[in-house]
Amino acid sequence: MGLKVAIAGGGASHTPGIILTLLNHKEFPVDEIRLYDNDSVQNDDMYLIVKTILAKKKLDVVLIKTEDPAVAFSGIDYIFSQLRVGKMQMREKDEKIPLAHDVVGQETCGLGGFAYGLRSMKGFVELIGYVQQYAPNAWVLNYTNPESIIAECVRRAYPKAKIINACDMTIAIEELLCKSFGYNRDNWVPVYYGLNHFGWYHSIYDIELKRDVMPEIIQKMQTQGVNTEGMEPSWAHTYNNMCMITKHFPNNIPNNYLQYYLYPNRMVAESDKNYTRANEIMDGRLKTIKEAVRAIKAGDPDAADGFASTEHGKYIVDIAASILHNKNDRFMLIVPNKGAIPNLRQDAVVEVPCHVNATGAEPISLRFDIPDFHKGIMEAQVAAEKMLVDAFFEQSYQKAFEAFALNQTIPNADVAKTVLDELLVANKDFWVNLH
Ligand SMILES: NC(=O)c1ccc[n+]([C@@H]2O[C@H](COP(=O)([O-])OP(=O)(O)OC[C@H]3O[C@@H](n4cnc5c(N)ncnc54)[C@H](O)[C@@H]3O)[C@@H](O)[C@H]2O)c1
Ligand SMILES: O=P(O)(O)OC[C@H]1O[C@H](O[C@H]2[C@H](O)[C@@H](O)[C@@H](O)O[C@@H]2CO)[C@H](O)[C@@H](O)[C@@H]1O
Ligand SMILES: [Mn+2]
C-alpha cells in the first residue's frame with residue numbers, strides 16, 4: 001500500500017516539480033496526494049495541472065485539493081511544506097522597500113528576508129499547530145523560507161515536532177560545479193557549514209579521485225568561472241558573483257547568498273529598483289502556470305507536458321525516502337547546533353551535513369573549529385535572527401528594530417528604523433502586532 005502525502009502550499013510554483021519527482025521515485029510509493037493551500041484559486045489551478053498529469057500518465061493516485069487543514073492532514077504520512085505567506089506580491093515589497101533606501105532587498109537575505117520571516121513564522125506556526133492536531137505522527141519536510149528563522153521559531157513553539165528543514169542551494173551549487181568542471185556528484189563527500197544561505201564548503205572529497213577537489217575547483221572558479229548556460233540572467237549573475245567571492249576569499253567555496261552580506265553595496269548598485277526578482281517570476285513561471293491552466297481548460301491536456309521533475313523535488317523526496325527506509329543517507333540540513341560546529345554558540349540553528357534515518361536528522365559534527373572570520377559574521381547573523389524570533393513571540397517592536405539594526409546588510413540604525421517602519425505598514429495584514 002502507498003503513502004498519503006500532503007503538499008502545504010499546494011498552489012506553489014514548485015508543486016509540479018515535487019509531484020513529478022514523487023510519481024517517478026522508486027523508493028517512495030504514493031497513492032494519495034492532497035494539495036493544501038489557503039488560496040483556492042492557486043490551489044484550483046495546480047489541481048487541474050496535477051490531475052491532467054496523472055490522467056496522461058494513467059496513474060491511479062487519489063488527488064484531493066482543500067483549504068481545510070482537517071481534510072488535508074488527517075491520516076497523512078508525510079507533509080511537504082512550501083508556504084509563501086503573502087505570495088509574490090509581498091515578496092515584491094520585501095525587495096523594493098529596502099532597495100528604495102539603498103539597502104539590499106531580497107527574498108531571504110537582508111531586511112526583506114526579515115520582513116518575510118515575520119510573515120512566514122505566523123503562517124508556519126499555524127501550519128505546525130494543525131499538523132500537531134490532525135497528524136502528530138506525520139513527518140514534515142520543510143522548504144518554507146526563510147529557513148533559519150522558521151527552524152528557530154518552530155523549535156521554540158513545537159520542540160517535539162517531527163520536522164526536517166532543508167534547502168536546495170547546496171545541491172544546486174554542487175550540480176553546477178560538476179556540470180562546469182566535469183565531476184560526478186555521486187562521488188562527492190562535501191563538508192559544509194554555516195547558517196542557511198550563509199555558509200562555506202570546507203572540503204569536497206571525491207571517492208573516485210581519492211582527493212579533496214575543492215582547491216582545484218576554487219582555482220577553476222577564479223580563472224574560468226562556472227557554466228551558466230541556459231540559466232535565467234539573475235541566477236547567472238549570482239553564480240558569477242560566487243566565483244568573484246573566491247577571488248577575494250580563496251580558502252572556501254561560498255554559498256552564493258553571501259554576495260548580499262559581503263557586497264551589499266554592489267548588490268544595490270546592480271539592482272533595478274523598479275523591476276526585481278519577484279517581477280521576473282510573476283512575468284515568468286507564474287505566467288507559465290496560468291497559461292498551462294488556460295490551455296488545459298480550453299481542451300489541450302498536452303499543456304501539462306511542460307512541467308518536469310526537478311533537483312529541488314528530488315532532494316526533498318530523497319530525504320523522505322531516507323526516513324521511510326531508515327537509509328542514513330547524507331544531506332545538508334538546518335538543525336540545532338548542539339556541538340555540530342564546535343566553536344559556534346550551541347543554541348544557533350546551523351546548516352551542516354546530517355544523516356537521515358527513521359528518527360529524523362542526525363547532524364555530523366565537524367572535526368575542526370571554523371575560522372574566526374566565518375564565526376564572527378555568523379554569530380552576528382544568528383543574534384539578529386534570534387532577536388527577530390523574539391520579536392515575533394514577544395510582539396516587541398524594540399527587538400525587531402535591534403534585529404534590523406544588526407543585520408549586516410545595514411549601514412546604520414537610522415536606515416534600519418526607516419525601513420522597518422515602512423515594512424510594518426506594508427505588512428499590517430501579515431505580521432503580529434509589534435508594540
Ligand atoms: N528551502 C529552499 O531551498 C527553497 C527552494 C525553493 C523555494 N523555497 C520556498 O518554498 C516556498 C514556495 O516557493 P514558490 O516560489 O513555489 O511559492 P509560490 O508563491 O509559487 O507559492 C506559495 C504558495 O503558498 C501558499 N500559502 C501562503 N500562505 C499559506 C498558508 N498560510 N497556508 C497555506 N498555503 C499558503 C500561497 O497561496 C501559494 O500558493 C517559499 O517559501 C520559497 O521561499 C525554498
Ligand atoms: O528567485 P527564485 O524564487 O527563483 O529562487 C529562490 C530560491 O532559490 C534557491 O533555490 C533554487 C535553486 O537554487 C535553483 O537551482 C533551482 O532549483 O530553483 C530553486 C528555487 O528557485 C534557494 O535555495 C531558495 O531558498 C530560494 O527560495
Ligand atoms: Mn534555500
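Quick caveat: nothing in here was measured; it's all calculated off a predicted structure. Order of listing sets the numbers, starting from 1, for every ligand and every atom in it.
Within the 4.0 Å heavy-atom cutoff, Thr108 does not count among the residues contacting ligand 2. Under a 4.0 Å heavy-atom criterion, Glu175 is not in contact with ligand 2. Between Glu280 and ligand 2 there is no heavy-atom distance shorter than 4.0 Å.
Nearest protein heavy-atom neighbour of atom 6 (C) of ligand 2: Glu107 OE1, 3.3 Å. Closest to atom 21 (O) of ligand 2, if we only count protein heavy atoms, is His14 NE2, 3.6 Å. At the shortest separation from atom 19 (C) of ligand 2 among protein heavy atoms lies Asp168 OD2, 3.4 Å. Protein heavy atom nearest atom 24 (C) of ligand 2, with residue, atom name and distance: Asn145 ND2, 3.7 Å.
Distances from atom 7 (C) of ligand 2 to the heavy atoms of Tyr315, Tyr143, Tyr257 put Tyr257 nearest. Considering Lys314, Arg277, Glu311, Gln106 only, the shortest heavy-atom separation from atom 2 (P) of ligand 2 involves Arg277.
Under the 30°/60° scheme for interplanar angles, the aromatic rings of Trp235 and Tyr257 are found to stand perpendicular.
Ligand 2 places these atoms under 4.0 Å from at least one heavy atom of Arg91: 1 (O), 2 (P), 3 (O). Atoms of ligand 2 lying under 4.0 Å from any heavy atom of Ala172, numbered from 1 in the order shown and given with element: 13 (O), 15 (O).
Looking at ligand 1, you won't find any N or O of Tyr36 less than 3.5 Å from one of its N or O atoms. Remark: ligand 1 and Met88 share no N or O pair separated by less than 3.5 Å (distance only, no angle test). The shortest N or O to N or O distance between Asp37 and ligand 1 is under 3.5 Å.
Within the 4.0 Å cut-off (strictly below), a protein heavy atom is located near atom 12 (C) of ligand 2.
For residues 425-435, the set of pairs meeting the salt bridge (charged side-chain N to carboxylate O under 4.0 Å, His left out) definition, not counting sequence neighbours, is empty.
Under a 4.0 Å N-O distance rule, the pair Asp37/Lys65 does not qualify as a salt bridge.
Cation-pi geometry between Arg266 and Tyr263 is satisfied (NZ or CZ under 6.0 Å from the ring centre, within 45° of the ring normal).
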